[in-house]
J.: 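Have a look at this one before I ask anything.
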Amino acid sequence: MCEPLKMQIHTSINNLRAALQKREGVVFVPTMGNLHDGHISLTRQARAHGETVVASIFVNRLQFGPREDFDKYPRTFQADCEKLRAAGVDHLFAPTEADLYPEPQQYLVEPPEIQNLLEGQFRPGHFRGVATVVLKLFNIVQPQVAILGKKDYQQLIILRNMIRQLALPMVIVGGETVRAADGLALSSRNAYLTPDERAEAPRLHRQLTAIAAAVRGGSREFARLERDALTELDQHGWKTDYIAVRRQADLQAPSGGDEALVVLGAARLGQPRLIDNVEI
Ligand code: PAF
């Protein structure tokens, strides 16, 4: 019987490039590690889009604010490798900071105004850091397709706009959010929840789902729906940053036309800050 091909692990840009030379159909799943079923579902979807599946693990300092959790972000490299191997990933790119940023990264990708909406109000500079590392990873891997989770909806839209405006020869596919049985979106940061917070955490998704149902049912009272959900969360111990119904295409407020909408929310429950969204 043939030995299944083993996943190759590369830390240097040159080694990865050499391994991918002349490969067709490269599909790329960038991650920051601490992988859960949501990531693994993205790597499985990747297989349907091409022959060579590449994943990356890199905790990108540039996208963390000075008071955010860069230092304590969970790093679980061995377990992640096993999961990616089992999911059939062909190549893992896992550079150190010195590999990816051998000199201070002074050329940065500055996304337009959309970076300052929603998440951007609470995480200034976050999307600059994301766009910079992702463009660099795309230049290194040169995929035909990249798969990014819809859970980070604003990130997905900003990166899609980036590759279109910079004419990168690739497409970005949005992977559906994977949820626990009670609706909580899987996220590496769920690990920070205490048992009580974990029991409370699905309320965010329930509120977003209720707004989506009301809008589907014909309601256009967006401000009231958003305010009611925010009050409900805050009454249950959350500190809600935003609940917002927006257009899927550009995350601007609905203009009243026949446009696809999404409801997005972000709120702190104790220490952890959770984000989620529901397409309408
Ligand atoms: O979504 C993430 O995990 C990160 O923002 C990404 C896209 C891997 C860039 O660091």
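Read the numbers this way: they start at 1 and go in the same order the structure lists the ligands and their atoms.
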J.: Closer than 4.0 Å to some heavy atom of Val133 - which atoms of ligand 1 meet that?
T.: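 Once the distances to Val133 are compared, the set is 9 (C), 10 (O).
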J.: Nearest protein heavy-atom contact for atom 3 (O) of ligand 1: which residue, which atom, what distance?
T.: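 Protein heavy atom at minimum distance: Met32 CG, 3.7 Å.
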J.: Return a yes/no value for Gln63: is any of its N or O atoms, backbone included, closer than 3.5 angstrom to an N or O of ligand 1?
T.: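 The answer is yes, given that Gln63 and ligand 1 share an N or O pair closer than 3.5 Å.
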J.: Using 30° and 60° as the class boundaries, would you call the ring planes of His91 and His10 parallel, tilted or perpendicular?
T.: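 Because their plane-to-plane angle is under 30°, the rings of His91 and His10 count as parallel.
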J.: Between Asp241 and Arg273, is a salt bridge (Lys or Arg N to Asp or Glu O under 4.0 Å) present by the stated rule, with each step listed?
T.: CA-CA 9 Å; Asp241 286 343; Arg273 184 173 179 278; 2.7 Å; yes
J.: Can you give me the closest heavy-atom contact between Leu269 and Glu197, atom names plus distance?
T.: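 Scanning both residues, the minimum pair turns out to be CD2-O, 3.3 Å.
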J.: Leu204 and side-chain contact (heavy atoms from CB on, under 4.5 Å): which single residue from Ile243, Ile275, Thr240 fits?
T.: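 Of all the options given, the one that passes is Ile243.
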J.: List ligand 1 atoms under 4.0 Å from Thr31, heavy atoms only on the residue side.
T.: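 Here the atoms of ligand 1 in question are 8 (C).
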J.: Could you walk me through whether Trp238 and Glu232 pass side chain to side chain donor-acceptor pair (under 3.5 Å), step by step?
T.: CA-CA 9 Å; Trp238 297 70; Glu232 170 76 10; over 6 Å; no
J.: What protein heavy atom sits nearest atom 7 (C) of ligand 1, and how far away is it?
T.: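 Atom 7 (C) of ligand 1 sits closest to the protein heavy atom Gln155 NE2, 3.5 Å.
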